Structure formats: C-alpha cells, structure tokens
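Written below as structure tokens is the structure these notes are about.
Only a predicted model underlies this, so the values are computations on that prediction, with no experimental measurement involved. Below, each value reflects all heavy atoms present in this structure, side chains not excepted, and no hydrogens, waters or symmetry copies. Chain naming here is simple, since letters A, B, ... match the order of the sequence lines and numbering starts at 1 in each.
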Amino acid sequence: MPELPEVETIRRGLSPRIRGTRILDVRTREARVFQLPTKHLRLKLRGRSIDEVNRIGKYLIFGLDHGYLVFHLGMTGQLTLRTPSGKDAPRFIRHPVTGLQRTRQHAPDQHTHLILQLDHGVELLYRDPRKFGKIFWLRSEPESLSRFFSKLGPDPFSGAYQEHEILKRMKGRKVSAKALLLDQSFVAGLGNIYADETLFVSRIHPLRRTDTLRKYERLRIFKMIPRVLAKGVHFGGTSLRDYIDSDGERGTHQERLFVYGRAGQPCVQCGYPITRIVVAQRGTHFCRVCQPRSKPVPGDLDWTIFDENNEPYPLP
DNA sequence: AACCTTCCCTGATGGC
DNA sequence: TGCCATCAGGGAAGGT
C-alpha cells in the first residue's frame, strides 16, 4: 500500500520526466475514481502544462498552469509512465515466489482509469484495481490547496514538522499509539507498515495509550517518524503486493522491515518471535520483549535505524 | 469533540 | 477442479 515513502518514490520518478510537458489528451475509464465528472476533468486537463510534481503526506500533487491535479493512491493505486513505441510487459503477473510483478512498462488494462497523453510522446497511466484511490482537481487559487489539506497533519519532511507542535498534538489523546500514528490529522504520511516500524524503533507497545506516554517516549516518536520514512524512501519503498514505482519497478524495503509482516520470525534486535495482533482494525506487528506493554523503556534510542556505515538515512 | 465501526473493492489464498 | 469464505486496508461517513 502506498504510504509516504512509496508516494515520494513515485514523485521522484515522475518529476524529471513529466515536468514542463503539456497534456495533449485525456482518457478516463471508471467515473467513481474521480471527484468530479470525467467530462469536466478532461476539459480541465486538456492543453494544460505540468509545472511541478509535489507531495504532501500520501497525496501527489501536479501543479498545472491552471489548477492542480491531486492523486491519492489508496491501497492499490499505481502511476506509471509508458512510451507507446516501447515494449509492454505481456500482462500483470505476480511471480509466485519472488512476488515480482513486472519490470517493464505495461499497456492499459481494465483497471487503468486515467491516461494522460503528454506532448513528448509519453503516457502517464493511473491504475487501481480496488478503486480505493481518488483523483481530485483543484482550482489555481492558493487557498484551494490549503482548504483541501486543512485537516491533514504536518508532513514529516516539511517545515511544519516541529517538536513542540507534534508533542502538543499528542496531548489529551486517549487512543492507542498505533491509532495515533495512523491518524492523518496527527501526522500525514504514515500507514500500517511505517506505523508498526516507527513503534518498534521507538520501543513502544502499539496498545499504549497516547496519554500515558512519557515525555521521552513522545520525543522518540517525533524523532523516529522521519527516520523510518527516510529509510523507506532510501530503498525505493516497500513492495509487498501491488506497489510499483513510475517505471514499474518494485522497491526493496520489504527486505529490511523490522516487524511488519514478520509474525513468528525472530526480532532483529533480541531474537524473540514477532507478535501479530489487531489494533484499530489493522494487523499490527511488534516485539513483546523490545516493546513491553507495562514498563516504558527509557532513553534516547538510535539503534537499528542506521545504515551499514552507521549513518542515519538521509532526509529528503 | 473524540473515538469507534462500517463500508467500499478486488485478488489471493485456503478449506472442502 | 471448482466453489465459497476470508483476508488485506485508507479514509469517508455515520453512530455513540
């Protein structure tokens, strides 16, 4: 599922290849995917130039010469580039062992809901089998963007991500730490995978109530969120099932996960088997030893989040 | 206001 | 082999 690191990887792949191009033609498929009538969208987009490709949380934002085109990829949304003269992969295949989906561009299929034909001969394809994703169009006025994102918390890589602000946002919350991290109005960009990873490196049990967290624990969450996400970006995102980048390539972060999807496997830190429970209707993975429920683990913990040279992964 | 539950949707998987 | 139930989950909407 595309969370912040996956969307950022897509953004980085798209930006140099579509910035400055013009949209020649627009084709749409399933109307439910769009937040406005497809006929209107086609009229809004045709002839527009793509000036910039930005991201806030899990949202991808194309800044056009008139208006904004905004994508939320939901769970299975994919944005890929295709050169019509190039060679397409025969179909979407998930390799039974490696999980490899494809390594080449693909032709549009029944799940491809938007095709933008760009003026340099490249097509941008939006594909979403489960249709949990959404595509929005916003007017050019700056306040249309701020209104659209008004309920969203700060992006961990933006200037709005400040210690004082984040710690304040935790005050008075009675939800579990896991539910807090999944709440996009608290911080934008974490999903189920990176929430579990953040709690692991912060040494906090997912069921701990936010209002029982010590100051040093809240501070650890604040510091670990950007690091966990930076690690995901560094490895091109996590490809467990459907996620692919703009070139159709899988990320490699799934090979480096500490807890997510590792139920029964040994903890990378202590060797005790990872536990899976359900919290806030989400599969939740943690280590009973490293993330104890009743006894907070004190200290400023920096372990396990460094690369092979013992350096933190660079922030975008 | 804060929190919780339900729903949307398709493909993969496992039991029989 | 086919059929059916179950599971995965981001976020909106509705309920408490």
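- Within the structure, a side-chain polar atom (N or O) of A/Gln281 is placed less than 4.0 Å from OP1 or OP2 of B/dT5.
- In this structure, a donor-acceptor pair under 3.5 Å is present between the side chains of A/Thr238 and A/Tyr194.
- A/Phe136 and A/Phe148 have perpendicular rings, their planes meeting at more than 60° on a 0 to 90° scale where under 30° would count as parallel.
- Look at A/Tyr260 and you'll find a side-chain N or O under 4.0 angstrom from OP1 or OP2 of C/dG9.
- For the OP1/OP2 pair of B/dC9 and a distance below 4.0 Å, the side-chain nitrogens and oxygens of A/Arg32 include at least one atom meeting the criterion.
- To the nearest angstrom, P of B/dC3 lies 14 Å from CG of A/Leu181.
- Dashed line: the shortest gap from a side-chain N or O of A/Lys174 to OP1 or OP2 of B/dC3 is not under 4.0 Å.
- Contact of A/Arg241 with C/dA8 (side chain to base): no donor-acceptor pair of N or O atoms is detected under 3.5 Å.
- Residue A/His111 places at least one side-chain N or O under 4.0 Å from the OP1 or OP2 atom of B/dG11.
- The aromatic ring of A/Phe132 is not stacked on the base of C/dG11, since the criterion of ring centres less than 5.5 Å apart with planes inclined by under 30° is not met.
- Heavy atoms of A/Arg276 sit under 4.0 angstrom from primed sugar atoms or phosphate atoms, though from no base atom.
- Of the listed nucleotides (C/dA12, B/dC3, C/dG10), B/dC3 has the atom at the smallest distance from the side chain of A/Arg173.
- Under the 30°/60° scheme for interplanar angles, the aromatic rings of A/Phe71 and A/Tyr126 are found to be tilted.
- In this structure, A/Gly133 reaches neither bases nor backbone, as no heavy-atom distance under 4.0 Å exists between it and the strands shown.
- Rounded to 10 degrees, the angle separating the terminal helix axes of the helix from B/dA2-C/dT16 to B/dC16-C/dG2, each built from five base pairs, is 50°.
- Nearest-nucleotide positions on DNA chain B for A/Gln110 and A/Arg282 put A/Arg282 closer to the 5' end.
- To the nearest 0.5 Å, atom CD of residue A/Gln265 and atom SG of residue A/Cys287 are 13.0 Å apart.
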request  = Might you work through the side chain to side chain donor-acceptor pair (under 3.5 Å) test for A/Asp196 and A/His285, ending with a clear yes or no?
outcome  = CA-CA 6 Å; A/Asp196 282 2; A/His285 313 72; 2.9 Å; yes
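- Contact between the side-chain N/O atoms of A/Gln184 and the OP1/OP2 oxygens of C/dG10 is not found at any separation under 4.0 Å.
- Residues A/Arg220 and A/Asp300 are not paired through a salt bridge, judged by the lack of any N-O separation under 4.0 Å between the basic side chain and the carboxylate.
- Within the nucleic acid shown, A/Lys58 comes within 4.0 Å of sugar-phosphate atoms alone, with no base atom in reach, counting heavy atoms only.
- Judged by distance alone, with hydrogens and angles left aside, A/Arg130 brings a side-chain donor or acceptor within reach of the base of C/dG9, the pair sitting under 3.5 Å.
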